[in-house]
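The figures here come from the full heavy-atom set of this structure, side chains too, leaving out hydrogens, waters and symmetry mates. If you read the sequence from its start, that first residue is 1, and numbering goes on from there.
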Amino acid sequence: MAVRYGSLPFDDGINFFRQKLNTPSASWDDVWQSAHNRAFMVAGVTKADMLNDFYTSVDKAISEGKSLNWFQKEFDNIKARYGWEHNGEPAWRSQLIYETNIRQAYNAGREGQIQALKASRPYALYKHGDSETPRIIHLKWNDLVLLVDDPWWDTHSPGNGWGCKCKKYSLSERELKRRGLTVGTAPDNGSYTWTNKKTGEEFELPLGIDPGFDYTPKNTAQLTSQVKKQVADKPPLAKRIEDYQATRIVPSAYSSAKNVTALKLDPLLAQLDSEVLEGLNDFLTAKQTKTVFVNQTQMSAGSKANAAIRSEVGEYLGVDEFYARMQYSIRGAKNCGGFTSVGYEHIVVKVKSAQNLAKVDMQALKDSAALTVQRSANNKGEYPYNWHGETIKRDHTISHNADSLDKHQAHSLVSTWLHELGHQVHYYAGAPELLKNALPVTYYGAVNKYEQFAEAFTAWALARKELKKWQPELVSWIEQLVKDAAKSQDKRR
């Protein structure tokens, strides 16, 4: 259905669009977020003349209230004139260009009015639109009232995605009371990590917001010069890919905790020993293992919180909603810090909303792991047990000891992530028994060959030097298995 705003043409919306710069681009994400306020782009259109024809047609649609059918005919004429080959069916592609530009022009015009009137109308109301396939999280925001200047609007002002028809209205004190509404609290629905598949660049986005829509459409004159500079300064694609991939370790992550993301985990792992980093990079570059960070209720099979995120996790993992729930659910989530499976290409780690990876002291975590290894090497662990006729003493796990470093246990998230990744390395390496004569690093590491390797892998990653002093053959064996796993095309349990 075509976009209808009743009172179009809308002068503020027309002005917003006419201040845009034609920006030839290979992809819609060649400029990012609020830069789209000043850049007119049609993904894949790199010829200036052709882009100008599209600009003229969109301008007529906005200023003269032209219909979708009219624009689709214009679209067909322009692509025929230039012999343009594009992705997607023509009807879908033309509707996407038409509706996105008209909606954002309208939203920008409304935003200007909301800001101008905020002294007498200080409240902003989120109203869900009538999309054919409504986003559940957008429905949850329906009738949410916040102050106009609440920072939440910086990333959540409609539109919030492709096809999103949500709107934002301003309210006076009297209107607020007449509608029976109250000022709420900005919701924190968590975040997810979106990766630009061409460049490898990664962005943290709020859940419910499509990539590139986490900004407020507005008329701000200085954006024009910002966009000119952004486009001019953007290095060639090949150079961006090379530079970005050189700094990345964790391929991506889905997270329901605001401060637990791939972007915050990456700089922590960068502090590991060079031999460890080399192995991790080789494996993760080859396998692109994904990460799902979810809280206990979301991890608990059969819970409402578990069901609520199935579409988001499914989209991230590339599976349908029904199958997605099997990929992050477990019974007994209370006693589980994380898990994975030979059939997964991802790992699951339990998080808490208060955890913040930015507060992790990586040196303190490495020291804790080194102390765990030292205690095991000297048989001074907390738990004694029989190992092939000999009594040995070990601490429970590396992650358990890391818990003591902070009350929110963010440090143990890193060690748990490494432990679960170790299982994936083990599977790809053929799941061999631990090296002959090698001793378990922790008490939990004596449960079976899988936990033996995962705990040894975690000790290698966090305390390689200390583990090498104690069991040098084990370190060499782990490093060979990491190399083998990176090259392997098969998995075994």
Side-chain angles (χ1 to χ4, degrees), residues 128 131-141 160-164 187-197 202-214 250-265 284 287-353 355 413 416-417 419-425 427-428 491 493:
H128 183 265
S131 302
E132 293 180 7
T133 54
R135 295 163 169 85
I136 294 175
I137 199 165
H138 291 192
L139 284 170
K140 291 180 180 179
W141 298 334
N160 286 322
W162 304 106
C164 173
D188 181 0
N189 299 105
S191 65
Y192 70 102
T193 305
W194 178 79
T195 304
N196 183 319
K197 294 180 180 178
E202 199 167 74
F203 302 88
E204 287 180 39
L205 304 175
L207 289 177
I209 311 297
D210 285 0
F213 283 83
D214 55 322
V250 186
S252 65
Y254 168 93
S255 179
S256 61
K258 182 178 181 180
N259 292 308
V260 179
T261 66
L263 291 178
K264 286 184 170 62
L265 178 58
L284 289 170
K287 304 308 176 191
Q288 293 294 301
T289 307
K290 295 182 176 183
T291 301
V292 175
F293 289 114
V294 287
N295 64 41
Q296 183 174 309
T297 55
Q298 291 167 331
M299 188 187 285
S300 299
S303 69
K304 290 183 179 179
N306 177 271
I309 62 171
R310 61 186 176 187
S311 61
E312 296 161 2
V313 177
E315 182 177 352
Y316 171 64
L317 296 179
V319 298
D320 63 50
E321 290 187 18
F322 175 80
Y323 188 59
R325 292 185 68 177
M326 304 177 191
Q327 308 290 296
Y328 62 92
S329 306
I330 193 170
R331 299 197 180 278
K334 181 179 180 180
N335 299 314
C336 176
F339 62 93
T340 189
S341 168
V342 69
Y344 294 176
E345 294 302 332
H346 67 279
I347 60 179
V348 182
V349 178
K350 185 168 69 178
V351 296
K352 297 178 181 178
S353 59
Q355 289 176 319
L413 285 178
T416 299
W417 184 87
H419 178 102
E420 300 305 332
L421 182 67
H423 283 306
Q424 286 293 323
V425 170
Y427 297 145
Y428 268 110
K491 299 172 82 172
R493 180 173 168 80

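Between Ile137 and Leu207 the shortest heavy-atom distance is CD1-O, 3.5 Å. Thr297 and Ala305 make their closest contact through OG1-CB, 3.7 Å (heavy atoms, listed as atom of the first residue, atom of the second, distance).
Residues Val348 and Thr340 form no side-chain contact, since every pair of their non-hydrogen atoms from C-beta on lies 4.5 Å or further apart. Counting heavy atoms from C-beta outward, Lys334 and Gln296 have side chains that approach closer than 4.5 Å. Put simply, the side chain of Asn259 does not reach to within 4.5 Å of the side chain of Gln355, judged on heavy atoms. At least one side-chain heavy atom of Asn189 sits under 4.5 Å from a side-chain heavy atom of Trp141. You'll find the side chain of Lys350 stays beyond 4.5 Å of the side chain of Phe339, heavy atoms only.
Partners of Tyr344 according to the ring-ring contact (aromatic ring centres under 6.0 Å, His included) rule, which considers only residues two or more places apart in sequence or in another chain, are His346.
Between the NZ atom of Lys264 and the CG atom of Leu413 there is a distance of 13.0 Å, given to the nearest 0.5 Å. Rounded to the nearest 0.5 Å, atoms CG (Asn295) and OG (Ser303) are 8.5 Å apart. Distance check, rounded to the nearest 0.5 Å: CG of Leu265 to OG1 of Thr291 gives 7.0 Å. Between atom OG of residue Ser341 and atom CE of residue Met326 there is a gap of 12.5 Å, rounded to the nearest 0.5 Å. Once rounded to the nearest 0.5 Å, the distance linking OG1 of Thr261 with CZ of Phe293 reads 8.0 Å.
Under the 3.5 Å distance criterion, with hydrogens and angles disregarded, a donor-acceptor pair is assigned to the side chains of Gln298 and Ser256. A donor atom on one side chain and an acceptor atom on the other are found under 3.5 Å apart for Ser252 and Tyr316. Side-chain atoms of Tyr254 and Glu312 form a donor-acceptor pair, as typed in the model, at a separation below 3.5 Å. A donor atom on one side chain and an acceptor atom on the other are not found under 3.5 Å apart for Asn306 and Ser300.
For Glu420 (side chain) and Thr416 (main-chain N/O), no donor-acceptor pair under 3.5 Å exists by modelled atom type. A donor-acceptor pair is defined here as one N or O able to donate and one able to accept, closer than 3.5 Å; no such pair exists between the side chain of Tyr192 and the backbone of Gly208.
Ring planes of Tyr427 and His423: parallel class, angle under 30° (limits at 30 and 60°).
The environment of Ile136 atom CD1 is sparse: at most 12 non-hydrogen atoms of other residues, nucleotides or ligands sit within 6.0 angstrom. Within 6.0 Å of CD on Glu315 lie no more than 12 heavy atoms contributed by other residues, nucleotides or ligands.
With salt bridges taken as basic N to acidic carboxylate O contacts below 4.0 Å, one links Glu345 and Lys491. Using a cut-off of 4.0 Å between Lys/Arg side-chain N and Asp/Glu carboxylate O, Glu204 and Lys258 are scored as not salt-bridged.
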Step by step, would you call Asp210 with Asn160 a side chain to side chain contact (heavy atoms under 4.5 Å, CB included)? CA-CA 6 Å; Asp210 285 0; Asn160 286 322; over 6 Å; no
Stepwise side chain to side chain contact (heavy atoms under 4.5 Å, CB included) test for Val250 and Trp417: CA-CA 11 Å; Val250 186; Trp417 184 87; 4.1 Å; yes
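The side-chain contact (heavy atoms from CB on, under 4.5 Å) test with Met299 singles out one residue from Val351, Val292, Val294, Val349, and that residue is Val294.
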